[in-house]
Each structure stands twice: as structure tokens, then as C-alpha cells.
Amino acid sequence: MLKKIILLLLLLSAGLTYAHDLSGTVMSNDNEKPLQDVGVYNKTTGAYTYTNVSGYFELDDISLGDIIYFYQLGYENYEVTVTEANLDSNITVRMRIAPASLDQILVVSKVNALSNFVNIDVQTSPVKSSQEILRKIPGLIIGQHAGGGKAEQIFLRGFDIDHGTDIAIEVDGMPVNMVSHAHGQGYADMHFVIPETIENLDFGKGSYYADKGNFNTAGYVDVKTKKTIDENVISVEAGQFNTVRALSMLKLISSEKSNAYVASALSLSDGVFDSPQNFNRLNIMGRYNFNNYEDQEFSIALSHFQSKWDASGQIPQRAVDQGIIGRFGAIDDTEGGNTSRTNIWLNHNKQLDEHSNIESSAYLTKYNFELFSNFTFFLEDPVNADQIRQFEDRTIIGAKSAYKRSLHLEDHDAQLNYELGIGFRYDDINDNQLSRTRNRRELLERLAFGDVDEVNGFSYANLKYKWNKLTINPGVRLDYFTFDYVDFLSDTFDSRSEDKVLVSPKLNFIYAASPKTQLFLKSGFGFHSNDSRVVTANSGEDILPTAFSTDLGTIFKPTDKLAINAALWSLFLQQEFVYVGDAAIVEPSGRTQRFGVDFGVRYQLTDWLYANTDINYAYARSVDAPNGEDFIPLAPDLTSAGGLSFKDLGHFSGGVSYRYIKDRPANEDNSIEAEGYFVTDLNLNYNYKNWTLGVVVENLLDTEWNETQFATESRLFNEAAPVEEIHFTPGTPFFMRAKLSVRF
């Protein structure tokens, strides 16, 4: 036994192999440049790998007659049969560019394989904003309640995630979520990303991923922006409600190894409300990418975003019913705000040898936020009203490195991949405050005011052991947090600090029964951190509430043109203990449990017609609350989204999409209900040479719907007593705009 263990350790360290192999380089037939991340799959044995930064691949345990399959979204599939001529030799594969299609994707032993299929949805149906890219995640619903100025409210797997408490979001490895944010923990505003610069997205539901940390309970999303652009683009949109948007994407450098482009966008709109929003947003992004197509790739990106807006806020249903205001009216139209975010981020990939590489990233963010709101009108102050101001000035610094290595063991059917990562994130938040104000100008009272410093250091290990058709994926993550808060409202100097260490294990099993079928069982612990002000005020209690989740399901492609996914899942959260930024109070709601079903279908009806739909059900309850009072407010139980898109139909392309959310409880005993909705959007494009004329219609059927809803206690100026009922932001009515773009 001891001899066998020693032999296994020697093989792990040396990566020895005694089988035949096949290696080579995958190139683009279009420009003869090596292609990175191309899937290389042995249909005979089930072994697979991906091309590295130089387009190089190597597959072990190759035999005569094996069929090797090459695939990447956006390229025609390619097959090679192993013969005497190419056995133990280097080959060159050239792949042709082709429109994204379902048959370009293979079901392999990836933990988050569904991302590959959803990226077809991304490429076949355009989005109106970067935040809307989140709607591509099956089961994820978003809602805007400040006319585009604030981050959207997010719903996923029976969670009202608010603005990001239970979903970890990144852009090219740079975190989007804001810890200890003035408006709420995990606040994730993606509006700094120009949607046309998005290449694809990587996502996963549940907390099964060792490289994902804070806020990864319901899931994670990692948006990838384009490294290069093929053509220059200039675009102009104009539509109802004085809406105008201008976009440009211009190549600055286009050489064999270096590429650079700059993108900018300006958005203006008065919105659908009776009081004009005076909304404006400016985005600028530049990205440089270097690839020597041998052993390393480096990219650096800079972006700036700023936005200002006025808002009509969430209005009470009774004010509309009594005719005091219309659906698009306001009780207090002095709401609004401004925000900005400036980023610089770097990514570097160094190929050490054929089997190992180091991926590193670093980022620096400067962020400002100011928001004026009035949720309760005259409840607290009958004279001055209840307007509040939330403000912060933040700097974020972070970095991460991961060493990855793949081995082929002496057992020719076994592969081993492991990843070791380490990193940190530091948030320096100045003048984090909540105040009572009047008309955005006069300060009436400070409710919370201080400086926050929060540090998260982490490391993780992730192992994938593949034997025949079975992949075992254990992982573990170690997080260390320090929370510091200096309270400026204290009569004496008041600086408090707490720290915490958390270990999060993961264990996943994937059985790739065939190139068209994957069965999986996933399990893991995740967590979301609490606001530093809460942590220090409560002497470090409930710093990092943990979540335990499981998934059991399948991804199945009965034909090349049809993909089906289904999963049963559960999620237990130790404590939904959240700092409510709107009121500067803490609301611990105890333990919660959620169970659900996910089901999705994607069908390539023809080369030009593509359909997709997802249906998601969740049962969410508080564990410690009595029966009938255990509902989780605003947690959706049934949602669905999908669409039908077409391309290259003569000169035309476009599609129709829908989203649905069922009625759901708005409070703990379900005595107040938030209305569901079904909304349909349409886009249609006419392409002629390098010109595109398009029409986008939101809410095609002119449905009357409420985009966001809350059970809120408020008092109007003429009321003697407060009333608790639904307060809502009305959804956009029929909204059409035209678009003209040129590529050159």
C-alpha cells in the first residue's frame, strides 16, 4: 500500500504519462492567429482540454481511430480522426468563423457548463444596458426603481437579493459588489460597462466554486469584455420620452500582437414619468491587449462612468386609486442622485509550460455615490418630509493570482487538474453617511456618519480529478476579514474593529455519460459578509452568515440542435441579517431555507431561427418564524424568461423576448401581495452592407405592470395616520426607439 501511495505522489509531481498523445495548434482561418480556449474533446475516451494562450493543445491517451472534436462558439466545428500519420505528432487545425449556433457547443465535464449555452442567448439577442445582461441568467429577474440611476433590484432562487447581497458579480475579474455600501450591502451597479463591449459571460448558480467568495450564495456572474474589436462602430438611437443614445467603438491599434480600442456612450432621457428625469450617463472605456501567441497575454483597461438623474420614487397604490397622482406621478419628485466610477484593471496570463500557467489580475477603483430618496413621505417628519441622503467616497484596491496545472496520470483514463489561488481586496470608504435632508440642499439630521475600512484576504485550492466519464471536484476556500469603523457621531473618538476567518469547502460530482449528456451533483458552503457598521456595533456577531447549497441535475443534448437542462436544488442560509441602508437599522430575520426546480430548453430550429425558454420555481421560507408568518418578502416562487430570435434572413435579423414573474408575498404573513407581470420586448434590424437600421420596442403589448414593489408604511401630507400597503415603481409602457449604426 505504501509503495502505491509513493508512486502516485511521484506521478502527481512529475505528471508522467506512458500513452500516445496528440498535440498541435488551433488557428483562425480568417487571420491565421492562434485561438485561445478552444475545446478539444476526444469523443472516444471523453478526455478533453482547452487551447492555451498560444493556441496549443495536448491530449494524452490517444489511440488509432479516435475522433478528436474541436469547438468554440462563433466557429464551425472541426473533427480530426487519429491516424498513423498524426499519432504522437503536432498538427495544425484551422477553424472557420461562423454565426453562433447551438451545435457549436459540447456537453463536457465542466462545473458551470450551462454558461456555454447561455452565451448563445447573449450573442443572438442584444441587450439595452450592461445591467440587463443579468437577465440572460436563467431564473434571474431584475427591476429598476430609480429610472436607470441606481443599480437594479435582483431576484434569483427565491431571494430578493436587493442590489446584490447574495450574488457575486465581476467584470474581467474586477468585483462589482460594494461592501458596506451607503445604500445597502453588496450594492452592484454595472452601468459602468458599455453593453456593446461585452463578449460573453460566465455564471454559476449556488456556492460550488472555490475561486468565488463574498456574496456567492445564490450564484455568481463574471462578465467578459472584448479584448479586441473587428470593426469600428458608430451608432445613434432616438426614441420616445426624449431618449437619445450615441455610441462609438474605434480601433486604435491593430497589429499582429497588439490591439487597442476605445468605446464611449452617452445616454439621455426624460423617462416616462410626469416629472422629467433629466437622466444623463456618460461612459468611456479603453482597452489594450498584447498576445505574443507563445507564452503570455496581457491586457489593461481603463474606464470612467458618471450619471445624474431625478426620480419620482416609489409611489403608494392608494395615491393612484384616489386620483391624487397618476401611475407615472410622484409624491416627492425631488428624489434623484449622481454617481461615478473610474477603474483601471489588468489581466496577465503566463504559460509556464504545456501543462501549467499563472493567471493574475489587479484593479484600482475610485467611486462616488450620492442618492436622495423619500420612501415614507411624511411619516417621520410632517413638516419637512422624510427625504434622506446617502453618500460615500470609496477607493478599492485588489489583486489575485492563480497557479493552474494539468496532469495525466499513469492510469491512462485519469486526468488531474488543480488550481491554487491567493488574493486580497481593500475598501477605503470615506464619509459613509445617512442623513435627513430637505430639497437636496438643507441638512436636517445625521443618522449615520463615519469612515469604513474593510480588508478581505483569501486563498483557495480547487482540484478536478477525471476518471473515465466521472469528474470529482473538491475545493476549499479560506477567507480572512477585518472590519473597521470610525463613528463621527460619537462625542468622543470611537474606532471599532472586528475580524473573522471562514473556511468554505466545496464538493462536486459530474458524470459525462456521453458528449451530449452531463449529470451533476454539486454541494458547497458560501457566505455573504455583513456591513462593517453592523459588525462593529454588534461586537462581531453574525459577521459572515454562511449558506449551504446543493444541486442535482442534468444537461442533455438529444440532438445537435436541442439542449435541455434541469436541476433540483436546495439552499440553507444561516442568517439573513442585513443592514438596511434606507433607515440605518439592522433587521435580523433568522435562518432561511429554499428549495426549487430549474428547467430550460434551447432549440436551434433552423440555421437562422433560435428559441430559448427557462422556467424556475423556488419555495422560500424563514425557518424560525411560525407557520403562516414565515414568508420571505418579495421572494419570487415562479419566474420564466425566453425568446425567439432570427438572423441572416435576407437582410433582416431580430427577435421577440418575454419575462414573467408570478404574484408573490410582500410581507411575512402574505397579507400584502406584490403583483406579477408578463412583459414582451421586440427588436428588428435591417442590414445593408455595413449599415444597420433597427427598431427596439420595450413592452410591445403595452402591459400595465409594476417593475418594483415594496410593502411600506407611509403617510401622505393629508393623512392623520400611516398606512402600510404596496408602494411601486411603474414599469415602462410601450416604448419605441430607432437605431442607426455603421461599421467600417
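Quantities reported herein were computed from a predicted structural model and do not represent experimental measurements.
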Inset, instruction - Take F548 and F525, measure what ring pair (Phe, Tyr, Trp, His ring centres under 6.0 Å) needs, and give me the verdict at the end. - result: CA-CA 5 Å; F548 175 71; F525 288 86; 4.9 Å; yes
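- To the nearest 0.5 Å, the span separating CE on M178 from NE2 on H163 amounts to 13.5 Å.
- Taking the ring axis of Y209 as reference, the NZ or CZ atom of K212 does not stay both within 45° of it and closer than 6.0 Å to the ring centre.
- Considering CG of D630 and CG of D669, their distance stands at 10.0 Å, rounded to 0.5 Å.
- Within the 4.5 Å cutoff, no side-chain heavy atoms of F215 are placed close to those of I169.
- Looking only at side-chain heavy atoms (C-beta outward), V221 and L134 come within less than 4.5 Å of each other.
- Contact record, N616 with P138: OD1-C, 3.9 Å, taken as the closest heavy-atom pair.
- Heavy-atom minimum distance, Y220 versus D222: CD1-N, 4.1 Å.
- Scanning for salt bridge (Lys or Arg N to Asp or Glu O under 4.0 Å) contacts around E704 gives R327, with sequence neighbours left out.
- Taking the charged nitrogens against the carboxylate oxygens, K464 and E419 have no contact shorter than 4.0 Å, which rules out a salt bridge.
- With respect to the salt-bridge test (charged N to carboxylate O, under 4.0 angstrom), the residues K205 and D598 qualify.
- Separation of atoms CE (M190) and CD (E170) is listed at 11.5 Å; rounding is to 0.5 Å.
- Comment: R659 engages D681 in a salt bridge, judged by a side-chain N to carboxylate O separation of less than 4.0 angstrom.
- Although no hydrogens or angles enter the test, the distance criterion places no donor-acceptor pair under 3.5 Å between the side chain of K557 and the main chain of L562.
- For the pair E668 and S622, the minimum side-chain heavy-atom distance is 4.5 Å or more.
- Between W705 and Y677, the ring planes are tilted. Angles from 30° to 60° get that label.
- Counting non-hydrogen atoms of other residues, nucleotides and ligands closer than 6.0 Å to CD of E707 gives a total above 12.
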Legend entry - Trace of the side chain to side chain contact (heavy atoms under 4.5 Å, CB included) decision for H191 with E152: CA-CA 10 Å; H191 293 125; E152 275 79 354; 3.3 Å; yes
Check residues 633-645 and write down every donor-acceptor pair under 3.5 Å in which the side-chain atom is one partner and the other belongs to a residue at least two apart or another chain.
from	atom 1	to	atom 2	distance (Å)
S640	OG	D614	O	2.8
S640	OG	Y658	OH	2.7

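- For the residue pair T165 and Q185, no side-chain donor N or O sits within less than 3.5 Å of a side-chain acceptor on the partner.
- Side-chain atoms of N699 come within 3.5 Å of backbone atoms of T703 as a donor-acceptor pair (strictly under, hydrogens ignored).
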Inset, instruction - Check the pair Y208 / N112 against side chain to side chain donor-acceptor pair (under 3.5 Å), numbers first and verdict last. - result: CA-CA 9 Å; Y208 315 125; N112 55 349; over 6 Å; no
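- Side-chain contact of S714 with H727: a donor-acceptor pair under 3.5 Å is present, judged by distance alone.
- A donor-acceptor pair shorter than 3.5 Å can be found between the side chains of E454 and S532.
- No side-chain donor-acceptor contact under 3.5 Å links N119 to the backbone of Q123.
- Not a single salt bridge (Lys or Arg N to Asp or Glu O under 4.0 Å) links R341 to another residue, sequence neighbours left out.
- Ring geometry for F273 versus F328: interplanar angle over 60°, hence perpendicular rather than tilted (30 to 60°).
- In this structure, R594 satisfies the cation-pi test against F159, with its NZ or CZ atom closer than 6.0 Å to the six-membered ring centre and inside 45 degrees of the ring normal.
- Within the 4.5 Å cutoff, the side chain of Y610 has heavy atoms near those of the I120 side chain.
- At least one donor-acceptor pair closer than 3.5 Å links the side chain of N214 to the backbone N or O of S529.
- In this structure a side-chain-to-backbone donor-acceptor pair under 3.5 Å is present from T559 to K561.
- There is no side-chain donor-acceptor pair under 3.5 Å between S523 and T550.
- Formation of a donor-acceptor pair under 3.5 Å by the D202 side chain with backbone atoms of K224 is not found in this model.
- Among all heavy-atom pairs drawn from F375 and I388, the shortest one is CE1-CD1, 4.1 Å.
- For E725 (side chain) and A711 (main-chain N/O), no donor-acceptor pair under 3.5 Å exists by modelled atom type.
- The structure places CZ of F631 at 10.0 Å from OG of S671, a figure rounded to the nearest 0.5 Å.
- V623 places a side-chain heavy atom less than 4.5 Å from the side chain of F572.
- For the pair E392/Y367, a side-chain contact is recorded, criterion being any heavy-atom separation below 4.5 Å from C-beta on.
- Closest non-hydrogen pair, A210 versus G475, comes out as CB-CA, 4.4 Å.
- Remark: the backbone N or O of G164 is not paired with any side-chain donor or acceptor of D162 at under 3.5 angstrom.
- Taking 4.5 Å as the limit, some side-chain heavy atom of V171 sits within range of a side-chain heavy atom of V176.
- Look at R602 and D121 and you find a salt bridge, because one of the NZ, NE, NH1 or NH2 atoms lies within 4.0 Å of a carboxylate O, short of that distance.
- Between Q144 and T708, the closest side-chain pair of non-hydrogen atoms is not below 4.5 Å.
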Inset, instruction - Would you sort out whether I141 and Y660 count as a side chain to side chain contact (heavy atoms under 4.5 Å, CB included), showing the intermediate values? - result: CA-CA 9 Å; I141 301 290; Y660 166 77; over 6 Å; no
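- Between F458 and Y460, the two ring planes are parallel [angle under 30°; tilted spans 30° to 60°].
- The residue from N177, T217, D166 that alone fulfils the side-chain hydrogen bond (donor to acceptor under 3.5 Å, both in side chains) condition with H528 is D166.
- Side-chain atoms of N508 and N473 form a donor-acceptor pair, as typed in the model, at a separation below 3.5 Å.
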Inset, instruction - Apply the test side chain to side chain donor-acceptor pair (under 3.5 Å) to residues T225 and D172: give CA-CA distance (whole Å), side-chain angles for both, the deciding distance (0.1 Å), then the verdict. - result: CA-CA 7 Å; T225 62; D172 295 329; 2.5 Å; yes
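- Checked for salt-bridge contact, R157 and D551 meet the test: a charged N lies under 4.0 Å from a carboxylate O.
- Looking only at distances, a side-chain donor or acceptor of D702 sits under 3.5 Å from a matching main-chain atom of F734.
- Judged purely by atom type and a 3.5 angstrom limit, R591 has no side-chain atom pairing as donor or acceptor with the backbone of Q575.
- Expressed to the nearest 0.5 Å, how far OG1 of T471 lies from CD of Q518 amounts to 8.5 Å.
- Under the 6.0 Å distance and 45° angle rule, R477 does not count as a cation-pi partner of F527.
- The CG atom of L114 sits 9.5 Å away from the CD1 atom of I105 when rounded to the nearest 0.5 Å.
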